[in-house]
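Each ligand, and each atom within it, is numbered from 1 in the order the structure gives. Quick note: numbers below take in every heavy atom, side chains included, and nothing from hydrogens, waters or symmetry partners. Numbering starts at 1 and runs along the sequence shown. Bear in mind that the values here come from a model prediction, so they are computed numbers and not experimental data.
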Amino acid sequence: MSGDLTSLLSIINTQTSILQSAYAKSNTPFPSIDDSSFNPASSIEMDPQLARTRQLIVAAASQLIASVQPPAEIVQDAALAFVKTSALGFLVDINVPEALKGGNPEGMHVDELGKATGVDPSYIARALRYLSTRHIFTEVSPNVFKHNRNSLLATKSKSLAEVKKDPLRAFEKAPLAAFVGLLADEGMKSGCHLSPHLQNPRAPSPFSLMSGTNTKRYWDILKEPGNEFRDQRFIAMMDGQTEAHPEEIVISGINGNALAQNGVVVELGGNVGTATFRLKKTYPHLKYVVQDLKTGIDAAEVYWKERDAGAVTSGQVSLQVHNFFDPQPVKNAAVYFLHSVLHDWDDPQARKMLSNIRGAAGSNSKLVIFDMLTRYSIKGSKDTDEHSLQVPDPLLANLGIAMPTAMDMSLLMLLGGKGRTRDDFEKLAREAGWKLESVKVDPTVIFSMATLTFSAA
Ligand SMILES: C[S@@+](CC[C@H](N)C(=O)[O-])C[C@H]1O[C@@H](n2cnc3c(N)ncnc32)[C@H](O)[C@@H]1O
């Protein structure tokens, strides 16, 4: 990697002009950080071309910082990264984002926030100042803070009064706030046990070490008495994740129009079947089976009853209890579909899951995996996809987009799971009897999601 400051500046200049012209062309003012009416789901914010432009600016600006900032500061910052998680987690825990949202839009003094939350205002001020210094919240005058477009996204969808009345359901319809809460709680606590675990992988997972539960898995522990709050928070995070992914990448990945009438799509680990619900709207000529463990299928029954009861009574959608590690009961389906599932499992377990599916597949069955795609930071591997190949020098091939690598490490801590590169997916599937046919990457979302299609080898 070169530290070519002039090239980095030139990328920033060119791409910033492209971004500004796009906003000018659509008569939309470029949103300031302080714009609390910002809508992250508006078409210009979601535009895939502009997503690429933004990624290039962020990559070049980050690399510029890494090139000019004294190395000791970079290492200190990295060592102190946990402070960001803790500070944001604390404010989400005590409902500061909701208090600010319901208060004076020009800003609230920390004394008022202290009254609203019951917490010492000096602590609130320190956490808010730390985050304002990093562009999450804005300090408008000494000890007076307001939301900005970044902090707004950590706000729950309910008012402060509603959250206080029913804390168990505080995170409903607020997946990003749930994501913050979860990572600042079980995520960060598990992280403390990562190094001992990796030095002795036969020892319990970081999450098990943290929770003192030895070999039980994360989800099993969430279902235990006393963990209702964490369980509801996890559910709120997952519900939103599925709905947050643009439909197109999943829908086109299944390619349902090429499938015969009544062709069967089996969604494994589908939970309530949110992804299947989307597929059925686009491909009404197909049949669907949503599989999950009993708790997932119990919830799925309620979900479908409320949204599309006829689909289940007519037999178009079947809800079936199935464990990945048992033989797959639906033989010769047109598609076996894993939506945000494989990353929860290490290679031996994931291989077993794919082998079980292969055992039931026919010669024309497809395996479709929708998951995060981790990318190498350098070019020159056969894994390098078209997006990475178009990355201008001297940027990192993966544009330094941190989310897939961060999720890979978090999954390792919580579940013993794994974020995979295209090479990893290809190898794993090959060992289970599948051949990679195509990879479609969604450039718009921070998780860097992709749909990978495999045929029976
Ligand atoms: C990360 S969630 C993904 C849910 C859904 N596919 C989505 O994207 O919203 C993983 C799902 O796998 C299910 N699961 C976990 N272990 C399983 C197993 N052994 N067999 C079948 N499903 C399992 C969980 O109940 C959960 O619904």
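Geometrically, ligand 1 and Phe324 share a nitrogen or oxygen pair separated by less than 3.5 Å. Checking only distances, His339 does come within under 3.5 Å of ligand 1, N or O to N or O. Close N/O approach between Met238 and ligand 1 is not found [any backbone or side-chain N/O within under 3.5 Å].
Using the six-membered ring where Trp is involved, Trp345 and Trp219 have ring planes that are tilted, between 30° and 60° apart.
Residue His322 touches ligand 1 through its backbone alone, judged by heavy-atom distances below 4.0 Å. Under 4.0 Å from ligand 1, the heavy atoms of Trp345 that appear belong solely to its side chain. At a heavy-atom distance under 4.0 Å, only side-chain atoms of Asp344, from C-beta outward, approach ligand 1.
For Tyr283 (side chain) and Ile251 (main-chain N/O), a donor-acceptor pair under 3.5 Å exists by modelled atom type. Between the Ser42 side chain and the Pro40 main chain, no donor and acceptor come within less than 3.5 Å of each other. Checked by atom type and distance alone, the side chain of Tyr130 pairs as donor or acceptor with a backbone atom of Lys84 at under 3.5 Å. A distance-only check finds a donor-acceptor pair linking the side chain of Arg358 to the backbone of Gly433 [under 3.5 Å].
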Checking salt bridge (Lys or Arg N to Asp or Glu O under 4.0 Å) for the pair Asp408/Lys418: CA distance, chi angles, key distance, verdict? CA-CA 5 Å; Asp408 172 38; Lys418 181 174 177 179; over 6 Å; no
Please test Tyr218 against Phe234 for ring pair (Phe, Tyr, Trp, His ring centres under 6.0 Å), starting from the C-alpha separation and ending with a verdict. CA-CA 11 Å; Tyr218 177 57; Phe234 176 77; 5.6 Å; yes
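Less than 4.0 angstrom separates some heavy atom of Glu267 from each of these atoms of ligand 1: 6 (N). Short contacts between ligand 1 and Ser340, defined as distances under 4.0 Å to a heavy atom of the residue, involve ligand atoms 1 (C), 3 (C), 8 (O).
Note on ligand 1: Thr274 sits outside its first shell, no heavy atom being nearer than 4.0 Å. Using a 4.0 angstrom heavy-atom cutoff, Gly270 counts as in contact with ligand 1. Not a single heavy atom of His343 sits closer than 4.0 Å to an atom of ligand 1.
Among Asp292, Val290, Ile235, Leu411, the residue whose heavy atom lies nearest to atom 27 (O) of ligand 1 is Asp292. Of the candidates Asn323, Asn271, Thr295, it is Asn323 that places a heavy atom closest to atom 19 (N) of ligand 1.
With contacts defined as side-chain heavy-atom distances shorter than 4.5 Å, the pair Leu268/Phe337 does not qualify.
Taking a cutoff of 4.0 Å between a charged side-chain nitrogen and a carboxylate oxygen, Glu431 and Lys427 qualify as a salt bridge.
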